[in-house]
Participant: 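Following this message is one structure expressed as structure tokens.
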Amino acid sequence: MEHEDPIDILEVDNTAVRKQQEESLKQVRATRDEAACQAALKAITDCVRDFKEGRKSENNLLDLAVKAAQLRCTLGEISDACEEIVGRYKAVIRTISGVYSSESKNDKDFEEAKRLTDEFAQKEGRRPRIFVAKMGQDGHDRGAKVVATGYADCGFDVDMGPLFQTPAEAAREAVENDVHIVGASSLAAGHKTLIPQLIEELKKLGREDIMVTAGGVIPAQDYDFLYKAGVACIFGPGTPIPYSAIEMMKILLDK
């Protein structure tokens, strides 16, 4: 449910770690042969272009990447050199409607959640819309897909973002889709950094009215921090989907 017992965790200051990493990258770039690095990165891009366009190349992409790394090119720069030609891989998001509802026919909370979404639709002229966001380096989206499917069966219109979004990207997609709620799913301990940034990005876009909720593996001792940052609801592991849907709908209907 929403309240859990505190657990003993190692607290990491994500902002301090990021600043330390940025300083390290600045030091690397200040002490390397920049001309050689740019030539190595161009060789990677040219090799990928040859492969994509069906031309034979004397170069081996892995060999070029290793040589670039030896020159102190960063992993991000090497990836960008490839991305320039082939783009970035995006996982296909698929959700299946009806699975959750078929197992919840006699669940009173499920019926109440559907009643509330119907009430909202009658009041507002459209169904409540939620955007399920996966930000940062969290590479798992199975739980988010289950939640998205459950919300759809409860009567929400559901959008789901791709893995590895930045807060700015998630906010922009939420605004473009004109959602009522952004549900931030967190499993990789980035919630104290990413979710406040998401709220700030929504404000920059003039949509601070969009409700932000958080779910996933979030220690109970972090709840107050997130509430103070502007999070409306927090749903920990094991929270029933209809319960979370009801709590969100109560807030939306009170607005």
Participant: What's the separation between atom CD1 in I234 and atom OG1 in T213, rounded to the nearest 0.5 Å?
Facilitator: 9.5 Å

Participant: Looking at G206 and E208, what are the two nearest heavy atoms and their distance?
Facilitator: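 Looking at all heavy atoms of both residues, the closest pair is C-OE1, 3.4 Å.
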
Participant: Is a side-chain N or O of Q122 found less than 3.5 angstrom from the main chain of E119, in a donor-acceptor match?
Facilitator: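 Absent.
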
Participant: Any non-hydrogen side-chain atom of K56 less than 4.5 Å from a side-chain atom of D50?
Facilitator: no

Participant: State the CZ-SG distance between F51 and C82, to the nearest 0.5 angstrom.
Facilitator: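 These two atoms lie 11.0 Å from each other.
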
Participant: Is there a donor-acceptor pair closer than 3.5 Å between any side-chain N or O of N177 and the backbone N or O of V179?
Facilitator: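 Not a single qualifying donor-acceptor pair exists.
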
Participant: Can you name the closest pair of heavy atoms from R72 and C37 and give their distance?
Facilitator: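 Looking at all heavy atoms of both residues, the shortest contact is C-SG, 4.5 Å.
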
Participant: Kindly indicate, with the supporting measurements, whether the criterion side-chain contact (heavy atoms from CB on, under 4.5 Å) is fulfilled by R29 and E77.
Facilitator: CA-CA 11 Å; R29 287 169 176 156; E77 289 173 322; 3.6 Å; yes

Participant: Taking all atoms of both residues into account, what is the closest heavy-atom pair of C154 and I241, and its distance?
Facilitator: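 Looks like SG-CG2, 4.4 Å.
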
Participant: More than 12 heavy atoms of other residues, nucleotides or ligands under 6.0 Å from CZ of R207: is that the case?
Facilitator: yes

Participant: If the threshold is 4.0 Å, N to carboxylate O, is there a salt bridge linking D118 and R115?
Facilitator: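 Salt bridge: no.
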
Participant: Which heavy atom in V182 sits nearest to a heavy atom in A174, and how many Å separate them?
Facilitator: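 In this case the closest contact between V182 and A174 is CG2-CB, 3.6 Å.
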
Participant: Would you check if E112 and M249 make a side-chain contact, meaning some heavy-atom pair closer than 4.5 Å?
Facilitator: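 With C-beta onward as the side chain, the pair stays apart.
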
Participant: Evaluate whether atom CZ of F225 has more than 12 neighbouring non-hydrogen atoms of other residues, nucleotides or ligands under 6.0 angstrom away.
Facilitator: yes

Participant: Between E34 and Q38, does a side-chain hydrogen bond (donor to acceptor under 3.5 Å, both in side chains) hold up when you go through it step by step?
Facilitator: CA-CA 6 Å; E34 190 62 29; Q38 293 306 315; 2.7 Å; yes

Participant: Is it true that a side-chain atom of T193 and a backbone atom of G190 form a donor plus acceptor pair closer than 3.5 Å?
Facilitator: no

Participant: Can you name the closest pair of heavy atoms from S57 and C47 and give their distance?
Facilitator: OG-SG, 4.2 Å

Participant: Atom CD1 of I210 and atom CG of L202: how far apart are they, to the nearest 0.5 Å?
Facilitator: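 Reported to 0.5 Å precision, the distance equals 5.0 Å.
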
Participant: Would you give the length of the straight line joining atom CG of L205 to atom CD of E200, rounded to the nearest 0.5 angstrom?
Facilitator: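 Reported to 0.5 Å precision, the distance equals 10.5 Å.
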
Participant: Would you sort out whether D63 and K67 count as a side-chain contact (heavy atoms from CB on, under 4.5 Å), showing the intermediate values?
Facilitator: CA-CA 6 Å; D63 180 57; K67 289 176 178 176; 3.1 Å; yes

Participant: Does the S186 side chain pair with the main chain of G216, one donor and one acceptor, at a distance under 3.5 Å?
Facilitator: no

Participant: Connecting only ILVMFWY residues whose side-chain heavy atoms lie within less than 4.5 Å of each other, what is the rest of V48's hydrophobic cluster?
Facilitator: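 Listed partners: L41, I44, L61, L64, I78, I85, V86.
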
Participant: Do H180 and F120 have ring centroids that are under 6.0 Å from one another?
Facilitator: yes

Participant: Any chance you could measure S185, atom OG, to I195, atom CD1, to the nearest 0.5 Å?
Facilitator: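 These two atoms lie 9.0 Å from each other.
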
Participant: Looking at every heavy atom in both R127 and A121, which two are closest together, and how far apart are they?
Facilitator: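 Nearest pair, atom of R127 first, then A121: NH1-CB, 3.8 Å.
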
Participant: Rounded to the nearest 0.5 Å, how far apart are CG of L252 and NZ of K123?
Facilitator: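 NZ of K123 is found 9.0 Å from CG of L252.
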
Participant: Ring pair (Phe, Tyr, Trp, His ring centres under 6.0 Å): which pairs involve residues 154-174, sequence neighbours left out?
Facilitator: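 Output for this query lists Y151-F156.
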
Participant: Looking only at atom types and distance, does a side-chain atom of E169 sit under 3.5 Å from a main-chain N or O of T166, one as donor and one as acceptor?
Facilitator: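 Such a contact is found between E169 side chain and T166 backbone.
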
Participant: Considering residues at least two apart in sequence or located in another chain, which fulfil the side-chain contact (heavy atoms from CB on, under 4.5 Å) criterion with A170?
Facilitator: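 For A170, the residues satisfying side-chain contact (heavy atoms from CB on, under 4.5 Å) (neighbours in sequence not counted) are F131, A133, M135, Q165, L198.
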
Participant: Dump the intermediate steps for side-chain contact (heavy atoms from CB on, under 4.5 Å) on D222 and H191, then the final yes or no.
Facilitator: CA-CA 9 Å; D222 290 347; H191 52 274; 2.7 Å; yes

Participant: Using side chain to side chain donor-acceptor pair (under 3.5 Å) as the criterion, point out the one residue from R18, K19, Q20 that pairs with E22.
Facilitator: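 Checked R18, K19, Q20 against E22; only one passes side chain to side chain donor-acceptor pair (under 3.5 Å): R18.
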
Participant: Could you walk me through whether I246 and D109 satisfy the side-chain contact (heavy atoms from CB on, under 4.5 Å) test, starting with their C-alpha distance in whole Å, then the side-chain angles of each, then the deciding distance to 0.1 Å, before giving a yes or no?
Facilitator: CA-CA 8 Å; I246 290 170; D109 282 346; 3.9 Å; yes

Participant: Can K228 and D224 be counted as an ion pair, charged N to O under 4.0 angstrom?
Facilitator: no

